[in-house]
Amino acid sequence: LYPEEDFPNSRFFSVLPGYVTKEMRMYKRFWRDFQSRTNAMVYRGRKLPERYGALGKKKELIGDAFKEFLAERGFDFDISSKNDARIYNGWLTFLMSGKSTLITESGSSIVDWDGHLKIAEDLNPKQISKQYLDSFELEFPWNCISPKVFEAIALGTLLIGYRGFYSGILAEESNYLVLESNHTNMKDVLDSVLDQEYATFKSNFNYNTIILNEKNGYEELGNLINREILNQIEFAKSNRKISVKQSKFNSWMFTIQKEDFTKKIRVFSEVYSGIPFFIPDFSFQVLSILKIKRFTLNWKALRFTIFKFL
């Protein structure tokens with residue numbers, strides 16, 4: 001996606017689309033016991049355009065499969081992939097109303113490199129055959145764990161999902177109940193959900209190993225950004241007359257020596273859920289004086305880039 005020859009002065013890092021917040025580590029005190037959770041299963045998926053490939057299609061398929069299965073057996077559930085059923089207020093309450101929730105990996109297994117698939121789909125979707133789209137399927141899809149997974153675990157809700165990598169955070173059966181791609185084990189999965197002893201053990205296990213693991217928290221992202229900032233500062237120090245002192249109050253003091261003057265600038269790193277960022281007024285001065293090409297956070301690509309000092 002980012003060839004080195006096209007970005008010679010850049011470094012790219014893979015990060016998660018969302019992390020565990022400090023607030024999420026307090027959700028456990030509000031857990032509802034499994035008996036009082038009215039729905040056997042809750043889920044909000046999305047019907048994505050065909051150009052997202054097989055990975056995108058799973059978001060709809062998993063919900064449709066369980067809707068039919070649970071309805072036939074008379075269980076209460078709240079599952080939908082319709083846009084008008086999406087929940088923006090009361091999402092956490094919704095998640096905790098279910099004994100379990102369905103998960104799929106976020107991402108896409110097709111990359112529309114030049115945008116022609118979207119144009120073709122918008123103009124005449126019937127012209128795009130499944131066979132044509134299959135030719136664009138990636139051998140290694142762009143897949144990652146969804147932030148909704150962390151929310152569900154933090155609320156003590158069991159996870160059910162297709163086999164996947166899930167950014168290396170979830171392990172099959174240890175952290176989520178595996179639903180086979182042909183849906184042949186749906187009864188076994190449901191039996192595990194209804195086993196209160198198993199459900200209580202699994203929800204506590206997931207909370208302790210994933211939510212309380214600092215590697216899954218925003219602290220990890222903050223530390224990564226901080227390390228790279230300091231690495232780039234060291235690079236600048238070796239190439240320019242610059243001295244930097246980091247204080248215990250999450251700030252850096254830059255002393256920049258130009259040909260005819262010496263200027264000191266303090267750059268504060270404010271912290272919101274562990275993410276440091278430069279206050280624009282100060283950072284603009286520092287970036288300009290040090291001639292840093294760019295400092296960017298690119299969330300859509302699930303990457304962040306720190307451009308090197310030139």
Side-chain angles (χ1 to χ4, degrees), residues 1 12-25 27-28 41-46 48 52-63 66 79 81 86-87 91-92 94-96 98 100-111 138-181 189 193 202-225 273-275 297-304:
L1 180 61
F12 296 91
F13 300 83
S14 294
V15 297
L16 300 178
Y19 289 82
V20 175
T21 65
K22 293 178 180 178
E23 292 78 10
M24 288 166 66
R25 295 184 181 124
Y27 286 175
K28 191 171 185 178
M41 203 171 294
V42 296
Y43 177 65
R44 283 298 180 271
R46 176 167 285 181
L48 293 173
Y52 284 86
L55 184 62
K57 194 69 176 173
K58 287 181 179 180
K59 294 180 180 296
E60 181 184 5
L61 287 176
I62 193 170
F66 263 113
I79 297 173
S81 294
R86 299 190 71 77
I87 299 171
W91 170 249
L92 299 181
F94 169 76
L95 271 182
M96 203 160 48
S100 64
T101 188
L102 304 172
I103 63 170
T104 61
E105 290 184 292
S106 293
S108 176
S109 53
I110 290 180
V111 178
L138 298 171
E139 182 179 358
F140 301 103
W142 284 2
N143 50 349
C144 62
I145 192 170
S146 166
K148 291 190 294 186
V149 172
F150 292 135
E151 292 173 331
I153 295 173
L155 293 167
T157 306
L158 292 181
L159 306 177
I160 302 168
Y162 295 125
R163 298 181 191 277
F165 181 60
Y166 296 99
S167 302
I169 294 172
L170 300 184
E172 295 176 8
E173 301 301 346
S174 292
N175 301 120
Y176 68 100
L177 292 163
V178 173
L179 175 65
E180 300 296 347
S181 58
V189 169
V193 170
K202 189 60 65 176
S203 59
N204 280 287
F205 175 81
N206 282 346
Y207 181 86
N208 292 331
T209 58
I210 294 177
I211 301 302
L212 298 184
N213 187 342
E214 290 189 356
K215 289 186 177 180
N216 301 324
Y218 273 108
E219 301 93 339
E220 183 70 11
L221 177 60
N223 290 336
L224 178 61
I225 296 174
S273 295
I275 306 179
L297 281 173
N298 186 345
W299 295 104
K300 287 187 177 180
L302 309 182
R303 303 282 191 275
F304 79 81

Enquirer: Are any non-hydrogen side-chain atoms of Ile103 and Lys148 less than 4.5 angstrom apart?
Expert: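 Side chain of Ile103 against side chain of Lys148, heavy atoms only: no contact under 4.5 Å found.
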
Enquirer: Answer yes or no: are there more than 12 heavy-atom neighbours, outside Tyr52 itself, under 6.0 Å from its atom OH?
Expert: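 Result for OH/Tyr52: open.
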
Enquirer: Please determine which of Val149, Asn175, Ile145 meets the side chain to side chain contact (heavy atoms under 4.5 Å, CB included) test together with Ile210.
Expert: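 With Ile210 as partner, side chain to side chain contact (heavy atoms under 4.5 Å, CB included) holds for just one option, Asn175.
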
Enquirer: Distance-only, no hydrogens or angles: does the Ser203 side chain make a donor-acceptor pair with backbone N or O of Leu158 under 3.5 Å?
Expert: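 A pair under 3.5 Å: no.
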
Enquirer: Looking at side-chain heavy atoms only, is the closest gap between Leu221 and Ile225 below 4.5 Å?
Expert: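 Leu221 vs Ile225: side chains touch.
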
Enquirer: Locate the shortest heavy-atom distance separating Leu177 from Val189; write the atom from each residue and the value.
Expert: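 Nearest pair, atom of Leu177 first, then Val189: CD1-O, 4.0 Å.
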
Enquirer: Would Arg25 and Glu219 pass as an ion pair if we require N to O under 4.0 Å?
Expert: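 Salt bridge: yes.
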
Enquirer: For residues 152-169, pull every pair meeting salt bridge (Lys or Arg N to Asp or Glu O under 4.0 Å), keeping only residues two or more places apart or in separate chains.
Expert: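 Passing the test, one end in residues 152-169: Arg163-Glu172, Arg163-Glu180.
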
Enquirer: Would you call Pro17 and Ser106 a side-chain contact if the rule is heavy atoms closer than 4.5 Å?
Expert: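 They are not in contact (no side-chain heavy atoms under 4.5 Å apart), so the answer is no.
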
Enquirer: With sequence neighbours excluded, tell me which residues meet salt bridge (Lys or Arg N to Asp or Glu O under 4.0 Å) with Lys57.
Expert: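 Lys57 satisfies salt bridge (Lys or Arg N to Asp or Glu O under 4.0 Å) with Glu50, Glu60 once adjacent residues are dropped.
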
Enquirer: Looking at Phe165 and Glu105, what are the two nearest heavy atoms and their distance?
Expert: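 In this case the closest contact between Phe165 and Glu105 is N-OE2, 3.0 Å.
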
Enquirer: Where the side chain of Lys202 meets the backbone of Ser174, is there a donor-acceptor pair that is under 3.5 Å apart?
Expert: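 Yes; judged by distance alone, with no hydrogens or angles, the pair exists.
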
Enquirer: Stepwise, does the side-chain contact (heavy atoms from CB on, under 4.5 Å) test hold for Leu179 with Leu102?
Expert: CA-CA 9 Å; Leu179 175 65; Leu102 304 172; 5.7 Å; no

